[in-house]
Amino acid sequence: MRVNVGWTPWIVAAVLVAGGGSASAGQAPPPEMRALFEQGERALADGRYADAQTSYERLRSLQPERAEVHARLGLIYFQQGRFADAVPALRRALDLAPALPNLGALEAMSLSELGRHREAVAGLEQAFQKGAGDRALRRLVGLHLQRTYTDLERDADAVGVALDLSRSYPDDPEVLYHTGRLFGNFAYLQTTKLARVAPDSAWLHQAAGEANESQGLLDQAIAEYRQVLAKAPTRPGLHFRIGRVLLARAAQGNGDVAAEAEAVGEFEHELRIDPTNANAAYELGEMQRKAGRLEAAIPYFERAVAAYPEFEEALVGLGRALVAAGRPLVALPRLQMAVALNPRNEVAFYQLAQTYRALGQRAEQQAALAAFTRLRDEKARQREAMTLSPDRPSVTPQLMDAIGRPD
């Protein structure tokens, strides 16, 4: 992982404020040094680091005991990616003026960039813990600390920093990229360790089944899940997983009736093991609804919602089944709750529009339909821009049927 250090104007501001730029108390700087200082400050503030370097290296030769000069040179080298030069400059500044702020963070990040992680870690930890007042500084330090922990094989600590960064900077692209890579790597390492310490355990077979399922290797996934059940026959969730894989197989086979029937058996078996499994109840309800057996579907959806009152997909499935069964007044609060839980669910808004239509509430119908149209268009644009495959949903999602819009 290489952290982006090329756009950090906060560092410039922090070090400029820290230094102050004045000569020793009661002394006016000679004209030559004052001119060099002003030239260097303008260049540094403008991001002209080569020009700033020239001015400050000249100042260093004239004032070798001036802490702020070494601090600014350390900053300049850091911004230029010359981390091997930044470290001694920053250390010299701290030797001369230990109270100068933020230089310890710059030094630690420079060491991190050089791969000297054992030297960097203490400074990064201190800066990360104390950086709450400066979000930009804490963000950059955190990315370096995450990388340092990873290279030191302190994986749990790296994950802790990644979770902290994800909470503090939830929409930052660089944070999302690096934390995503870290979580994926950590999951791989944990699974590798599981294979080493428990090579024939039910947990390893379950991990293998989940990995196969995520890659579309459906037969292999079922085989692994069956291995889990052979070792732990009453483990909750396994029959549900097998049922979901069977549904995926049926979809690949353009409606494999045998696979669908087998999936029904798996979901029912799951409910016998765990009567509160809302996902299994939902899948049974959705299969009944799609088959047009509305009165059979409704109790399954109600069971799912009873076990998990904020189950968005089950609320939509229940609402649309009730509307199709001619009970729009009963459906209305379910669909209203679904859109309250997720105001970006276009299927819920469409079904809500259908419900208002059945109830003769024209204005409410038009408002729900407008929301549906806006969300549908937004998601269409997002799908066009998407380059990564989304994760497989945990249950069958509610989708739009091939029907006309409510008018």
Side-chain angles (χ1 to χ4, degrees), residues 170-171 244 247 250-251 254-255 260 264 267 276-386 390-407:
D171 300 318
R244 284 276 291 150
L247 285 184
N254 296 317
E260 288 184 356
V264 168
F267 294 138
T276 66
N277 190 310
N279 288 343
Y282 167 81
E283 293 292 356
L284 287 166
E286 185 66 1
M287 294 177 76
Q288 296 287 358
R289 185 193 70 79
K290 288 180 176 178
R293 296 186 286 269
L294 300 176
E295 294 304 327
I298 289 169
Y300 282 120
F301 285 132
E302 288 176 334
R303 183 172 180 175
V305 172
Y308 179 16
E310 295 187 354
F311 192 166
E312 176 190 338
E313 298 290 348
L315 287 165
V316 176
L318 176 58
R320 73 194 299 180
L322 287 166
V323 171
R327 296 154 63 184
L329 194 60
V330 182
L332 182 60
R334 274 73 170 186
L335 291 166
Q336 288 174 328
M337 184 173 181
V339 298
L341 289 169
N342 181 6
R344 300 192 59 77
N345 187 331
E346 78 275 20
V347 179
F349 274 107
Y350 183 88
Q351 295 303 321
L352 188 59
Q354 292 281 55
T355 304
Y356 284 131
R357 180 189 184 189
L359 293 171
Q361 298 181 22
R362 184 74 176 179
E364 291 83 353
Q365 174 199 350
Q366 292 300 319
L369 184 58
F372 156 72
T373 303
R374 173 178 55 80
L375 291 168
R376 180 196 57 186
D377 294 344
E378 286 179 4
K379 291 196 173 183
R381 290 192 294 271
Q382 290 170 358
R383 284 192 294 271
E384 290 175 1
M386 187 176 292
D391 291 337
R392 188 164 178 259
S394 58
V395 296
T396 303
Q398 293 289 320
L399 302 173
M400 292 300 303
D401 294 330
I403 56 177
R405 298 183 358 165
D407 49 30

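From a predicted model like this one, the values you see are computed outputs, not experimental measurements. Note that these values count all heavy atoms, side chains included, but never hydrogens, waters or copies made by symmetry.
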Q: Report, as yes or no, whether the 6.0 Å neighbourhood of atom CD on E378 holds more than 12 heavy atoms from other residues, nucleotides or ligands.
A: yes

Q: Would you check, one step at a time, whether the test side chain to side chain contact (heavy atoms under 4.5 Å, CB included) holds for R289 with F301?
A: CA-CA 10 Å; R289 185 193 70 79; F301 285 132; 4.1 Å; yes

Let me confirm one number: the [atom1]-[atom2] distance from [X] to [Y], rounded to the nearest 0.5 Å.
| X | Y | atom1 | atom2 | result |
| --- | --- | --- | --- | --- |
| F372 | Q351 | CZ | CD | 9.5 Å |
| R303 | T276 | CZ | OG1 | 9.0 Å |
| R376 | R381 | CZ | CZ | 11.0 Å |
| L318 | L335 | CG | CG | 8.0 Å |
| E346 | R344 | CD | CZ | 9.0 Å |
| E286 | N279 | CD | CG | 12.5 Å |

Answer yes or no: is there a side-chain heavy-atom contact under 4.5 Å between [X] and [Y]?
| X | Y | value |
| --- | --- | --- |
| V339 | N345 | no |
| Q354 | Y350 | yes |
| R327 | I298 | yes |
| R244 | T396 | yes |
| E364 | L332 | no |

Heavy-atom pair of closest approach, residues [X] and [Y]:
| X | Y | value |
| --- | --- | --- |
| A338 | V316 | CB-CG2, 3.7 Å |
| P328 | V323 | CA-CG2, 4.3 Å |
| A314 | A304 | CB-CB, 4.0 Å |
| E260 | A250 | CG-CB, 3.6 Å |
| A368 | Y356 | CB-CD1, 4.4 Å |
| F267 | M287 | CE1-SD, 4.0 Å |

Q: Only one of L352, V347, L315 passes side chain to side chain contact (heavy atoms under 4.5 Å, CB included) with R320; say which it is.
A: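 Only one of L352, V347, L315 forms a side chain to side chain contact (heavy atoms under 4.5 Å, CB included) with R320, namely V347.
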
Q | Test log, rule side chain to side chain contact (heavy atoms under 4.5 Å, CB included), inputs Y308 and E310 | A | CA-CA 6 Å; Y308 179 16; E310 295 187 354; 4.0 Å; yes

Q.
As a quick check of understanding, evaluate side chain to side chain contact (heavy atoms under 4.5 Å, CB included) for F311 and L341, giving each step before the final call.
A. CA-CA 9 Å; F311 192 166; L341 289 169; over 6 Å; no

